[in-house]
Amino acid sequence: MRRRTSVSTAVHETRPTTLRDGAFGNARALSCRECGHEVALGPHYACPECFGPLEVAYDFPGVTREQIAAGPRNIWRYQPLLPVPTDITESPNTEPGFTRLLRADNLARELGLDKLWVKDDSTNPTNSFKDRVVACALSAARELGAKVFACPSTGNLANAVAAAGARAGIKTVVFIPANLERPKQVNSAVYTENLVAVNGTYDDVNRLASEIAGEEEGWAFVNVNVRPFYAEGSKTLGFEIAEQLGWRLPDQVVIPVASGSQLTKVDKAFRELVELGLVEDKPYRIFGAQATGCSPVAAAYKAGVDAIRPVKPDTIAKSLAIGNPADGIYVLDICRRTGGAVEDVSDDEVREGILLLARNEGIFTETAGGTTVACLKKLVETGRLDPALETVVINTGMGLKTLDAIGDSVGPAATIDPSYAAFTAIGIA
Ligand SMILES: Cc1ncc(COP(=O)(O)O)c(C=O)c1O
Ligand SMILES: [Zn+2]
């Protein structure tokens with residue numbers, strides 16, 4: 001029996017709305033990650049008992065590999081494991097997911113690893129993994145009767161919200177730090193008239209968004225007041241990795257960390273697959289990757305402490321520039337519990353990481369991916385990642401969005417006159 005639940009405070013409604021049956025699929029409630037207290041499904045994100053963050057809890061039905069394999073080639077193949085209704089495919093959205101999992105033998109050889117895969121999420125509709133989380137947030141916004149679809153963003157999220165909102169025909173408003181890379185601004189502004197650049201860091205933008213969410217009626221801020229639903233979308237990365245490996249878990253995964261949400265949900269996905277009997281239980285290690293110029297989680301990991309001290313970001317990895325990461329403490333827990341680590345690399349290493357992936361595997365990643373590949377390299381060199389174990393590195397974004405970061409280090413080998421003699425003179429033949 002499913003309850004009918006009244007929508008209340010956080011996404012303010014001009015009129016009280018009643019949720020339809022099955023609005024959130026097999027989700028049962030929102031559960032506090034700190035104290036376990038449960039609240040009814042709705043636009044809530046903080047525990048009324050202890051202010052801890054809420055996450056979606058489920059009553060899963062039996063789900064088989066065959067059922068999943070028969071679904072669409074996008075994230076909705078995992079509908080029973082997400083907080084979305086069974087008719088989700090009938091609502092317009094960007095249909096992200098089921099991106100390539102590529103064997104990366106050249107990069108493996110270069111870094112001294114036995115077996116490496118790249119999960120390439122740069123091929124999503126707006127070229128980052130954010131399309132996954134936004135598709136789930138859009139479903140929640142729709143079910144909650146929101147009239148505005150919004151976000152504070154380090155860039156990619158704004159692109160994904162603006163595009164998904166355009167397809168869904170809902171008003172979008174996206175907020176970014178004013179110093180963001182121009183391609184990321186354009187990639188939002190083509191989809192929405194309401195791109196708002198804020199003079200400040202991402203953390204300033206995030207605070208402003210929380211204030212607006214508290215004041216305005218009917219606004220669904222994907223990563224603020226519908227965050228529990230949004231975050232579940234990242235589980236699909238974990239589901240896909242396992243399914244594409246032939247329904248088994250990898251030994252090691254390296255994941256970039258900004259707020260830390262994605263990393264925690266890949267872990268949640270692996271645990272759910274085990275719980276549902278879809279994969280065999282086995283140990284796996286999760287590693288987090290940050291740029292040194294914004295590495296509050298890596299710093300806490302290395303200091304052996306639990307508290308994360310917020311920082312003011314200064315790095316070319318702008319998509320990862322969250323100085324006060326909401327899920328940082330959970331990232332620490334997971335990386336420690338699984339025997340992984342959180343590493344950080346300099347901006348020069350980020351650039352090197354971008355080139356390592358491009359020249360070895362033909363994949364052009366943005367600075368977040370450069371950070372992840374560079375951390376993978378460092379983790380192998382320092383012996384914390386076992387080169388004999390099967391490893392997956394997640395490429396979460398697309399290099400064309402951060403051309404400035406790499407533009408000065410690559411270009412024509414030579415500029416020549418159109419003659420064979422001029423060509424032979426440059427020594428490439
Ligand atoms: C390309 C890219 N990778 C990774 C991340 C990190 O995601 P999370 O905030 O879930 O840690 C972001 C966040 O904006 C991103 O844009
Ligand atoms: Zn609580």
Side-chain angles (χ1 to χ4, degrees), residues 29-39 44-55 57 119-122 124 126-134 137 151-161 174 176-177 180-181 183-184 187-188 202-203 205-206 222-223 227 230-235 237-238 254-268 286 288-291 294-298 313 317-328 330-331 334-335 342 350 354 365-373 375 393-402 405:
L30 296 175
S31 160
C32 175
R33 280 155 96 177
E34 289 299 318
C35 76
H37 178 76
E38 290 197 353
V39 300
H44 319 294
Y45 58 104
C47 174
E49 298 291 320
C50 75
F51 301 109
L54 298 173
E55 72 174 345
K119 178 62 174 166
D120 184 15
D121 244 25
S122 68
N124 272 313
T126 68
N127 306 105
S128 87
F129 88 99
K130 294 288 185 182
D131 291 313
R132 298 172 183 272
V133 279
V134 166
C151 68
S153 172
T154 57
N156 284 307
L157 182 59
N159 300 169
V161 164
V174 298
I176 54 164
L180 207 59
E181 301 96 334
K184 284 202 184 129
N187 266 294
S188 289
Y202 170 81
D203 299 282
V205 182
N206 192 31
V222 301
N223 49 345
R227 187 174 180 86
Y230 152 96
E232 291 293 290
S234 282
K235 288 193 312 190
L237 269 164
V254 190
I255 306 173
V257 172
S259 75
S261 174
Q262 182 195 9
L263 184 146
T264 67
K265 297 305 171 187
V266 171
D267 175 61
K268 190 180 184 199
I286 296 194
Q290 297 206 295
C294 183
S295 52
V297 189
K318 291 187 178 163
S319 53
L320 300 181
I322 297 185
N324 189 11
D327 288 294
Y330 303 110
V331 168
I334 289 165
C335 294
V342 191
V350 172
I354 292 174
T365 184
E366 69 144 85
T367 46
T371 303
T372 315
V373 171
C375 281
V393 64
I394 302 183
N395 171 30
T396 50
M398 149 67 74
L400 290 172
K401 293 194 197 182
T402 60

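All residue numbers in this chain count up from 1 along the given sequence. We count ligands from 1, going down the list as the structure has it; atoms in each ligand are counted the same way. Values reported hereafter were calculated over all heavy atoms of this structure, with side chains retained and with hydrogens, waters and symmetry mates removed. Just so it is clear, the structure is predicted and the values come from calculations on it, not from any experiment.
Pairing each heavy atom of G323 with each of D203, the nearest pair is N-OD2, 2.8 Å.
Note on E55 versus R227: no salt bridge recorded, every NZ/NE/NH1/NH2 to OD/OE distance being 4.0 Å or above. Salt-bridge check for R132 with D121: passed, with a basic side-chain N closer than 4.0 Å to an acidic carboxylate O. Contact check on K235 versus D267 returns no salt bridge, with no Lys/Arg side-chain nitrogen under 4.0 Å from an Asp/Glu carboxylate oxygen.
Numbered from 1 in the order shown, with element, the atoms of ligand 1 that lie under 4.0 Å from a heavy atom of G260 read 8 (P), 9 (O), 11 (O). Close contacts between ligand 1 and T154 involve ligand atoms 14 (O) [criterion: under 4.0 Å to a heavy atom]. Near S261, with a cut-off below 4.0 Å to any heavy atom, the atoms of ligand 1 are 8 (P), 10 (O), 11 (O). Short contacts between ligand 1 and K130, defined as distances under 4.0 Å to a heavy atom of the residue, involve ligand atoms 7 (O), 9 (O), 12 (C), 13 (C), 14 (O), 16 (O). Set against the non-hydrogen atoms of A368, the atoms of ligand 1 under 4.0 Å away are 1 (C), 2 (C), 3 (N).
Where the criterion is an N or O separation shorter than 3.5 Å, residue side chain and backbone included, S319 meets it with respect to ligand 1.
For atom 16 (O) of ligand 1, the closest non-hydrogen atom on the protein side is N156 ND2, 2.8 Å. Among protein heavy atoms, atom 9 (O) of ligand 1 sits closest to S259 OG, 2.7 Å. Residue, atom and distance of the protein heavy atom nearest to atom 10 (O) of ligand 1 are Q262 N, 2.9 Å. The closest protein non-hydrogen atom to atom 6 (C) of ligand 1 is A258 CB, 3.5 Å. Distance from atom 7 (O) of ligand 1 to its nearest protein heavy atom, with residue and atom name: F129 CZ, 3.5 Å. The protein heavy atom nearest to atom 2 (C) of ligand 1 is T396 OG1, 3.4 Å.
Counting heavy atoms from C-beta on, the side chains of H37 and V39 come closer than 4.5 Å. Counting heavy atoms from C-beta on, the side chains of V222 and L157 come closer than 4.5 Å. Side-chain contact between E366 and T396 is absent, with no heavy-atom pair separated by less than 4.5 Å.
For Q290 (side chain) and V297 (main-chain N/O), a donor-acceptor pair under 3.5 Å exists by modelled atom type. Panel note: side chain S188, backbone N159; a donor-acceptor pair is recorded below 3.5 Å.
Residue side and main chain included, H37 places no N/O/S atom under 2.8 Å of the Zn ion (ligand 2).
Ligand 1 has L320 within reach: a non-hydrogen atom of the residue lies less than 4.0 Å from it.
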Take K401 and E181, measure what salt bridge (Lys or Arg N to Asp or Glu O under 4.0 Å) needs, and give me the verdict at the end.
CA-CA 7 Å; K401 293 194 197 182; E181 301 96 334; over 6 Å; no
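For the pair SG of C35 and SG of C50, the angle whose vertex sits at the Zn ion (ligand 2) is 120° to 10 degrees.
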